[in-house]
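Per chain, numbering begins at 1; letters A, B, ... match sequence-line order. Computed from a predicted structure; not experimentally measured.
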2 protein chains.
Amino acid sequence: MQKSRLQAAIINAASRNAALVIKNAKIINVFTEEIQEGDVAIRDGIILGIGSYSGKIELDAKGSYLAPGLMDGHVHIESSMAHPSRFANVILEKGTTSIIADPHEIANVCGTDGIQYMLDQTEWLPLSVFIMMPSCVPCTAFETSGAKLIARDLEPFMDHPRVLGLAEVMDYVATVEGDGEMLDKLQLFRHRPIDGHAPKLSGDAFNAYCVAGPHTDHECTTFEEVLYKYRNGMRIMLRLGSATRGIEEIMRQIAEHHVPTRRMMFCTDDKHLADIQAEGHINYIVRRAVANGIDPMHAIQMATINTANTYGLRHYGAIAPGYRADMVLFDNLTDFNPQVVITDGQIFEPKSDRHLKPDPKIYNSVHLAPRKPDQFRLPVDGPMPIIRLVPNEILTELDTEEVPTQNGCFVARDGLLKIAVLERHHDSGRTGLGILRGFTLKDGAIGSTVAHDSHNLVVCGDNDADMYKAVDVLEECGGGYCVIHNGKVLALLPLPIAGLMSDAPLDEILEGQHALLDAAHQLGISTTSDPFTTLSFIALPVIPAVRLTDMGLFDVTSMEFFREKKKRNPSC
Amino acid sequence: MQKSRLQAAIINAASRNAALVIKNAKIINVFTEEIQEGDVAIRDGIILGIGSYSGKIELDAKGSYLAPGLMDGHVHIESSMAHPSRFANVILEKGTTSIIADPHEIANVCGTDGIQYMLDQTEWLPLSVFIMMPSCVPCTAFETSGAKLIARDLEPFMDHPRVLGLAEVMDYVATVEGDGEMLDKLQLFRHRPIDGHAPKLSGDAFNAYCVAGPHTDHECTTFEEVLYKYRNGMRIMLRLGSATRGIEEIMRQIAEHHVPTRRMMFCTDDKHLADIQAEGHINYIVRRAVANGIDPMHAIQMATINTANTYGLRHYGAIAPGYRADMVLFDNLTDFNPQVVITDGQIFEPKSDRHLKPDPKIYNSVHLAPRKPDQFRLPVDGPMPIIRLVPNEILTELDTEEVPTQNGCFVARDGLLKIAVLERHHDSGRTGLGILRGFTLKDGAIGSTVAHDSHNLVVCGDNDADMYKAVDVLEECGGGYCVIHNGKVLALLPLPIAGLMSDAPLDEILEGQHALLDAAHQLGISTTSDPFTTLSFIALPVIPAVRLTDMGLFDVTSMEFFREKKKRNPSC
């Protein structure tokens, strides 16, 4: 804040010079846990005071509940596939006025240019977007990302007023081994917030992880895990995104056991646009928390002041003089339907879609070598490892068996598909090939440039021609999702921003997603969960049990490529 | 922390390499509010984990309660009159392992040299000493301090790892008026902790003060004031020092009304050595809080994690892996008698007194002009304003009446004494004179170079000769307290460090204080409260109603000197 602005705010408060006054609200005080009565006076985005006020604009709350603007403690904007300005509109409507975003995905494609792009594109939004610096780019050494970020690359961002700390430290193996490059990053952010990411880690390794610096966790999947990590000092984020629903039982037990919630928060991590529009965003998590027995006041604290405290955002998360005027009026403390959202002192109204200018550093991110005729040729010399999809999970399992062949190479048949991951950042032509069970796709292929975490190009199909076609189509449009059937494009959602996000208006994105799903079902894909999400996680070499990266088929259990395994033990 | 040290700590945690293990303790978990069982493993000052451990040294807690080391949220070390290293020994014995210190007093005498001295002298202590940068040097424009500090002077300290934020913003008038110099400081520390100091401030002025930045308060004297400030976002410090005892009733009401305590802390502000030794330090406040009905777990949080959170001390205030190994074993949760104190991973034992080398920048701080024969001459031309001491308070009241004279000048008689404040920083010879009622002193004088906040030399007596003698004695020893009787020094406590602190061992200081009190009583001073404390506050022009500074007698109610008042209205 500039000195002149601070000075003006002080004088405005002292002289009761309000621009907007909210009247007749039940004001939620997250400090004393009371419902207060009074007017809230606002000017220039700052709360001037609570008392008896009049102002140029007066908003009659008619007895509704006025809460601080909601905060998402950990989110990847990229997962919405929408440009940040459009994503902002969707969540602001649900009462979320601040997010702590981790641009991990775009950083894996575009490196520091991607981080800078996200900072630039969120500069003048009505949503407060804070950035945690991606800690694991690349996520592992078993795939090829678009960039590698070491401590020295992150350092120039530290003075940016919206950069808070170090984002989820996923590489817990490097962390607890005291790996030098990881330590440089942890050291750099030693006195800043550091988010953890260590599902199911416990015992000595978990202690070492805590010592290393991460002090938040959003990966707990059981109440016991929450309690264990909480006891040991982790601040806990209860995550309810598109794919992570088990948190409700945890909420129920938190309420039942009266666990103090002051160090707990809410986050979405990854939530699709359609789900946000249908259910809500952080307000939905608050609603589910209350439905599961958590005191509404505590639930609101978890969605506001607790998050602000964790990330050192001193003027956020409460309704009090000097705080940023981010607030939301709710109908009641059960449903948490937002009625009016105030952000930066203004009543929020979604802006009409603006034209976004392509940034050459971020657009055109698909860099493939020219296709080769044998690029998808998969020789077979005995029983082959197969990636078996587990229904409704992003986990996979390993099958090893004889597969159909033609001229000594695998052919897709009998419920088995071919899958390929093409390195798309450095024109290397490197391609990993594998066999997939669980999709029942016929006469076609589906492809994606969204493939966590390195976001190479992944394509699967029952014939090479359609797979080639999918690759060509995605290369041409700068990335996205597509469905090919007998050489024709059935559906295509271009994601030209790093091959991850669209610059189109929201309706177009949602229509595109519907069209993709329709086309996938036309192709015969019969999974209950979203096949594109499944495809996007097939290349992530940290989730059990079998993954395919551009470097080859990977055994997550033993942390090695199958070709190395085979070299070690030719009979396996 | 160095990278190599962090790396070693991670490896030690992962490999269970403990140096000290505390066994059989009831471990207080400030996160979950549980009493845990288990061993606490420590090495190199860091907690490695809680579980089942063995170590080189094993400490059997025999079922005692193990709490995080206690923290004092706001303290002026100078008020103890002891060198910081000796002060540290006294409070460590009581279980206080960290303090947030405001070197306001020494800064008013020595400026940034004083702040640097306090940082240097606390560098290698077993006590963690964090520093808030003095915000109001000088405190007011109505007295002459040794230095003036503006934002530019504070800036070089901001990168010091133990400098946290901006200390108590006492000049709330300048603050709420948006004064430029004050704003520069508030602006500089906008995203750092900023302590408030605004007794009884409310309404629009209080709102403006909150907007300006201060967000803690340790000056509340009623429960209503606590609740009011708490609602408006202030974090509240409950202060129990030597002179501030009204907090117990506030504690009782906090407990009675179940006010959430997560944003409350404890502090001593100013507490004398003898009181600390007799009662305790932060452990005494915890004891009183529990006696007044506050849940012991909440009281311990208020003395540990709440303070750590307020000041962003992420590795302090809890017993968990990665936290600094500061802990205290208490006999029970009623008395909070410390049995063993662990600081930085070591069992604390008071160090034998070390020899302190005088620092020429800090010692020899008494700079007086040569005495003049008429320096204490106080002409009388009608009814005179008199400073009347209020028993057991540092407040004073105004009497205006005829006074005894000789040759047209005031003579001390009939329960009235003469009091003088001599500017002692810049050899100016400037002397304020006044008349004092409330001390019954005969044939002597008492003097002090501790005189909040500018710490000029204050002396009062019933004859000029003894007053001159007191000034001479204090000048010669570099400052301190003295009692003079008929030209003889009855007692003298030299305070050569800025005229505020002694470099002598604790016992000598305590003996010196006893000797001063004895001598004062010998002189006939019959106040129940400490006359030297009374004297030290007589020059503070922010406490009602009448004060004397080197610039003259000051009316705090109208904020003007009596000579100006008289000029304005000669009959008053």
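- The part of His215(A) that comes within reach of chain B is its side chain, from C-beta onward, which places non-hydrogen atoms under 4.5 angstrom from that chain.
- When Asp179(A), Asp184(A), Val259(A) are compared by the number of non-hydrogen pairs under 4.5 Å with chain B, Asp184(A) comes out ahead.
- For the pair Ile27(B)/Arg231(A), no side-chain contact is recorded, criterion being any heavy-atom separation below 4.5 Å from C-beta on.
- Taking 4.5 Å as the limit, some side-chain heavy atom of Asn306(A) sits within range of a side-chain heavy atom of Arg262(B).
- Heavy-atom pairs under 4.5 Å with chain B peak, among Gly312(A), Gly49(A), Ala205(A), Pro260(A), at Pro260(A).
- Using a 4.5 Å cut-off between heavy atoms, Gln2(B) contacts chain A through its backbone alone, with no side-chain atom that close.
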Chi angles and distances behind the side chain to side chain contact (heavy atoms under 4.5 Å, CB included) call for Asn309(B), Arg263(A)
CA-CA 11 Å; Asn309(B) 285 349; Arg263(A) 291 168 68 91; 4.1 Å; yes
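- Residues Met182(A) and Ile10(B) are not in side-chain contact: their nearest non-hydrogen atoms beyond the backbone lie 4.5 Å or more apart.
- Put simply, of His315(A), Arg314(A), Met234(A), the one with the most heavy-atom pairs under 4.5 Å next to chain B is Arg314(A).
- Contacts between Ser15(B) and chain A at a heavy-atom distance below 4.5 Å are absent for every atom of the residue.
- Heavy atoms closer than 4.5 Å to chain B are found nowhere in Ala318(A), neither backbone nor side chain.
- Your options are Glu33(A), Glu177(A), Arg16(A), Gln187(A), and the one with the most heavy-atom pairs under 4.5 Å with chain B is Gln187(A).
- No other option in Ala41(A), Pro321(A), Gly322(A) has as many heavy-atom pairs under 4.5 Å with chain B as Pro321(A).
- Within the 4.5 angstrom heavy-atom criterion, atoms from both the backbone and the side chain of Asn232(A) approach chain B.
- Heavy atoms closer than 4.5 Å to chain B are found in the backbone of Ile47(A), but not in its side chain.
- Among the residues in residues 190-197 of chain B, those with a non-hydrogen atom closer than 4.5 angstrom to a non-hydrogen atom of chain A are Arg190(B), His191(B), Arg192(B), Pro193(B), Ile194(B).
- For Tyr323(A), the part sitting under 4.5 Å from any heavy atom of chain B is the side chain, from C-beta outward, and nothing else.
- Only the side chain of Glu34(B) comes within less than 4.5 Å of a heavy atom in chain A; its backbone stays farther off.
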